[in-house]
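One structure below.
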Amino acid sequence: MTMTHISTVTVPSGGASSITFSAIPDSFTDLYLKVSGRCDRNVFSFSYVYLQFNGSSSGYTYRALQGDGSTANSYNEASISMTSALIAGGVTQTNNTASTFGSSGFYIPNYRSSVAKSVSVDGVSEANATNTTQQITAGLWSGTDAITSIEIKPWQSGTLFNWVEGTTASLYGILAGSDGIVSVS
Amino acid sequence: MPTPTYIPLATLTLTATDSELIFSSIPATYRDIVLVITSTTTGQIGQTQLRFNSDSTNHYANIEAGGGGSGSGFSGAYTETNAIIGYQLTTAQSIIIANIMDYRSTDKHKTVIARQSIPGEVVKMSAHRWPSNNAINTISVKTQASTWAIGSTFSLYGIA
């Protein structure tokens, strides 16, 4: 088996300002982070996941495409004035449909490499309403160190919010290899 | 007991530049297969093309949508002799994740859903159809222009 569960964090009663995965083992090829998120922003809208690697607050660039069911638009780190973290995925807000959480997946290949880290993101800020947004993102962190920690927070329009109870984030490791049958050349 | 999944089938990290790789002897053991490519090219931006079982006669239907960081994005559909699943730059590594559904079936055309992340350039999603009922046993991956750089990785996984 190659998709191995590393860790899951579930936000308890009272909420949390951030979720952090630290001491990420160096035994995999790629990482996959899944987030089921709801935050305490009290506006009829949606939020994003704010993600940082290794506590770094610089070197993030991204291109995103999002749609809300009637309009599609594309944004980048300059257009939303945020270069200190990767802004991607979807987070449902506290005044949206009850018991509903956004879903996001972050695929991080070659996280141990000594080159800049590319990230592929899919996400939706789920709600039974007209303010749902689905988006895909191509991200890049210029850091050349191996990724040893990941921190995520909810974010929208320049402001950080808090995860609410029930938000979960799970980190998986994926190990490439061979089954001894398939060949590649 | 849960069935193990995301089984590693083959992987290759280039130690020399190359322009085409072939995954062969793919067993009819799994339900779907996933191809993950992280790559840069040596000369210029180039398309990444998939071809199944060396078939260049059945034209592949391609549809895509994406965004470059501003405006309303783009969308298009076209037919080619390959499935065009992405492209790569000469700078940061691009990511292509291609899910190939029901690859061993013999009663349906084969569908690919792909996601492409090209840092600093474009994010794309695409779908492709190979109009053949044959089971897939080889996958050719080719870059249209120039060659892939050393360090580019290509990994195939089986989904139970």
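Because only heavy atoms are used, hydrogens play no part in the values below, and waters and symmetry mates are left out as well, while side chains stay in.
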Looking at B:M125, B:E121, B:E20, which has the largest count of heavy-atom pairs under 4.5 Å with chain A?
-> B:E121
Winner by heavy-atom pair count (cut-off under 4.5 Å) against chain A, out of B:A92, B:G73, B:G120 = B:G120
Which residues from residues 7-39 of chain A are near chain B, with near meaning under 4.5 Å between non-hydrogen atoms?
-> A:D30
Residue-level interface, residues 57-73 of chain A with chain B, non-hydrogen cut-off under 4.5 Å = A:R63, A:A64, A:L65, A:A72, A:N73
For chain A, the option from B:S94, B:G66, B:G151 that forms the most heavy-atom pairs under 4.5 Å = B:G66
Which residues in residues 102-119 of chain B have a heavy atom less than 4.5 Å from any heavy atom of chain A?
-> B:R115, B:S117, B:I118, B:P119
Per the side-chain contact (heavy atoms from CB on, under 4.5 Å) rule, which among B:I136, B:V34, B:I26 passes with B:I100?
-> B:I136
Tell me, for B:S24 versus chain A, whether the close heavy atoms (under 4.5 Å) come from the side chain, the backbone, both or neither.
-> both
Closest contact, heavy atoms only, A:I174 versus A:M3 = CD1-CE, 3.6 Å
Contacting region of B:Y157 [heavy-atom separation from chain A under 4.5 Å] = side chain
Looking at B:I95, B:V36, B:L21, which one has more heavy-atom pairs under 4.5 Å with chain A than the rest?
-> B:I95
Specify which of B:G67, B:S155, B:G69 makes the most heavy-atom pairs with chain A at under 4.5 Å.
-> B:G69
So which of B:L12, B:I22, B:T138 has the biggest tally of heavy-atom pairs under 4.5 Å with chain A?
-> B:I22
Assert top hit (heavy-atom pairs under 4.5 Å, partner chain B, pool A:V182, A:N76, A:V121, A:L140) equals A:V182
What do the steps show when you test B:F52 against B:N134 for side-chain contact (heavy atoms from CB on, under 4.5 Å), and what is the final call?
-> CA-CA 10 Å; B:F52 300 125; B:N134 293 334; over 6 Å; no
Chain B neighbours within residues 78-98 of chain A, where any heavy atom lies under 4.5 Å away | A:S79
Backbone N/O of B:A135 and side chain of B:N53: donor-acceptor pair under 3.5 Å | yes
